[in-house]
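Every heavy atom of this structure was used, including side-chain atoms; hydrogens, water molecules and symmetry mates were not. Chain identifiers are assigned alphabetically (A, B, ...) following the order of the sequence lines, protein sequences preceding nucleic acid strands; residue numbering begins at 1 within each chain.
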Protein chains: 2
Amino acid sequence: MTPGESRFVEEMGRYLGSMGMTPMAGRMWGWLLICNEPEQTAADMAEALQASRGAISGTARILASAGMIRRATRRGDRREYFSAPPEALESLMRNGSRIYTDLRLITERGLAAISDRPPEARERLEEMRDLLAFVAGEMPALIERFLRERAAHHRGTAEMSSPMAAADDQPFTIPV
Amino acid sequence: MTPGESRFVEEMGRYLGSMGMTPMAGRMWGWLLICNEPEQTAADMAEALQASRGAISGTARILASAGMIRRATRRGDRREYFSAPPEALESLMRNGSRIYTDLRLITERGLAAISDRPPEARERLEEMRDLLAFVAGEMPALIERFLRERAAHHRGTAEMSSPMAAADDQPFTIPV
DNA sequence: AACGAAGTTCAGCATTGACTGAACGTTCCG
DNA sequence: CGGAACGTTCAGTCAATGCTGAACTTCGTT
């Protein structure tokens, strides 16, 4: 790993670490985004990230359940191959808008707790709830718009990765 | 503070605490969103939140610099009055889109670190950067659209709080 | 002027939680 | 059938950090 790569991995670790995930999750994801060999075994990552196998195992669980990495197995091979799939981005964004959803739920419970107050006392929270719901609701459309615009721009030069088709081409075993 | 209110305050504390701010920042903000008297002194909050004066002081700094609370002073009154201003929401949202901006910067540096790789090896990061830039760029327009739609819906019933006028009506002292 | 109240700062404490490393279970190969 | 390689789990350690409380500064009052 070059110094520049290491810096990127470490920054991603600090960032995701400060956002509710663990630093190791950020490092692992960052590494999978820039490593030369797109598919990495647990041993590969343990060496690259200088981490224990226990940390790799636990972190892989988190990232996989968040949809940010893909775990693949090959027949007759005990090892697992990790990679950052193209859909990872959308997962990240979906996770991002979870911020708004979660906050809205908290706000909703807060409103329930002050339901006996006069309307003007509840305005602050009500507007907050409405804005959060609005943003969370608009997020998917925003992302889809990006994908469409990008597809239009890259027409012919790259494969057309439609967001709708994404569900289909997710093999659970890597073709040898 | 009723149990329901306390729960809201505590949940907001845990949430903002997990998002890079401190739990106390979340509690303070939550309390300012639901408290009966919109303007609270440090002593008020220290009692409501059962926190030390040191914690109140430090936390108020953070929240004020993030634009999430307003500190006001009255002539001839040593105390400061804290409140969650209407613009707090927009500040929160602006803070929210900082997530995308920050991540994009990290991604940008990552791309610089692997600039010598073949194009197909950089695709993962490049698409990520583009999406992040797109979302960050669209966020302000999204929020403005919400404010417009809300203003249209509430026409006449509430004061028209235009986002453009927000910069003007921010008095640094509360009129007695 | 002096006392009291408000705000700030900072060293110290306590808690949290991320990571390690060993023990265990499981699968593949000789 | 051993033995090796791989993944998982969990108790223990250690660093990070949020909060407290006391000391200090500043401002208003009598």
Side-chain angles (χ1 to χ4, degrees), chain A residues 9-31 39-66 69-83 172-174 176, chain B residues 9-31 39-66 69-83 172-174 176:
Chain A
V9 166
E10 213 52 39
E11 278 187 345
M12 190 64 87
R14 279 214 304 272
Y15 196 74
L16 287 199
S18 78
M19 298 304 290
M21 286 200 172
T22 69
M24 187 66 76
R27 284 194 282 262
M28 181 180 289
W29 196 57
W31 173 243
E39 292 179 344
Q40 297 267 311
T41 67
D44 289 340
M45 293 194 294
E47 194 206 340
L49 304 177
Q50 299 280 31
S52 70
R53 289 191 299 167
I56 299 292
S57 175
T59 303
R61 286 180 76 84
I62 298 174
L63 283 177
S65 76
I69 66 172
R70 176 191 289 176
R71 320 181 65 141
T73 50
R74 298 176 184 170
R75 266 212 292 217
D77 189 342
R78 182 96 172 73
R79 290 173 292 183
E80 276 178 305
Y81 291 84
F82 299 91
S83 60
F172 283 94
T173 49
I174 299 178
V176 278
Chain B
V9 166
E10 212 52 41
E11 279 188 344
M12 192 62 87
R14 277 214 305 272
Y15 196 75
L16 286 201
S18 78
M19 298 303 290
M21 286 199 173
T22 69
M24 187 64 77
R27 284 193 283 262
M28 181 180 289
W29 196 57
W31 173 244
E39 292 179 344
Q40 298 267 310
T41 66
D44 291 339
M45 294 194 293
E47 194 206 340
L49 303 178
Q50 301 279 31
S52 70
R53 287 188 297 166
I56 299 291
S57 174
T59 303
R61 286 179 78 81
I62 297 176
L63 284 177
S65 74
I69 68 172
R70 176 192 288 177
R71 320 181 65 140
T73 51
R74 297 177 185 169
R75 266 210 294 209
D77 191 341
R78 183 93 173 76
R79 290 175 291 184
E80 276 178 306
Y81 292 83
F82 299 92
S83 59
F172 283 93
T173 48
I174 299 180
V176 279

Given atom [atom1] of [X] and atom [atom2] of [N], what is their separation to the nearest angstrom?
| X | N | atom1 | atom2 | result |
| --- | --- | --- | --- | --- |
| B/Gln40 | C/dG7 | CD | P | 13 Å |
| B/Arg75 | D/dT29 | CZ | P | 13 Å |
| B/Arg74 | C/dA5 | CZ | C1' | 17 Å |
| A/Met45 | D/dT8 | CE | P | 11 Å |
| A/Ile62 | D/dG7 | CD1 | P | 17 Å |
| A/Arg14 | C/dC19 | CZ | P | 14 Å |
| A/Met28 | D/dG7 | CE | C1' | 13 Å |
| A/Glu10 | C/dC19 | CD | C1' | 13 Å |

Spacing of [atom1] belonging to [X] relative to [atom2] belonging to [Y], to within rounding of 0.5 Å:
| X | Y | atom1 | atom2 | value |
| --- | --- | --- | --- | --- |
| A/Met24 | A/Leu63 | CE | CG | 11.0 Å |
| B/Met21 | B/Arg27 | CE | CZ | 14.0 Å |
| B/Tyr81 | B/Thr41 | OH | OG1 | 7.0 Å |
| A/Thr22 | A/Ile62 | OG1 | CD1 | 5.0 Å |
| B/Thr73 | B/Arg78 | OG1 | CZ | 11.0 Å |

| message | Go through it in stages, so that I can follow the logic: the residues are B/Phe82 and B/Arg71, the test is side chain to side chain contact (heavy atoms under 4.5 Å, CB included), and I'd like the CA-CA distance, side-chain angles, deciding distance and then a yes or no. | response | CA-CA 5 Å; B/Phe82 299 92; B/Arg71 320 181 65 140; 3.6 Å; yes

Report all interatomic pairs (protein N or O, nucleotide N or O of nucleotides 3-6 of chain D) with separations under 3.5 Å.
| unit_1 | atom_1 | unit_2 | atom_2 | d |
| --- | --- | --- | --- | --- |
| D/dC6 | O2 | A/Arg78 | NH2 | 2.9 |

| message | Starting the side chain at C-beta, find the nucleotide from D/dG18, D/dT20, C/dC19 nearest to B/Ala55. | response |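 Nucleotide nearest to B/Ala55's side chain: D/dT20.
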
| field | Proximal nucleotide (of C/dA18, D/dT20, C/dG21) relative to the A/Ser52 side chain | value | C/dG21

| request: Indicate yes or no for a side-chain donor-acceptor contact from A/Thr59 to the backbone of A/Ala55 under 3.5 Å, with no hydrogens or angles considered. | output: yes

| task | Using only side-chain N and O atoms of B/Thr22, determine if any of them is under 4.0 Å from OP1 or OP2 of D/dC19. | result |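 Affirmative; the distance criterion is met.
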
| Reckon A/Arg71 has a side-chain N or O less than 4.0 Å from the OP1 or OP2 of D/dT8? | yes

| message | Go nucleotide by nucleotide along DNA chain C from the 5' end; which of A/Gly76 and A/Arg27 gets its closest nucleotide reached first? | response |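 Checking each residue's closest nucleotide, the 5'-ward one belongs to A/Arg27.
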
| task | Check every strand shown and say whether A/Ala60 touches a base, only sugar-phosphate, or nothing at a heavy-atom separation below 4.0 Å. | result |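 No contact.
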
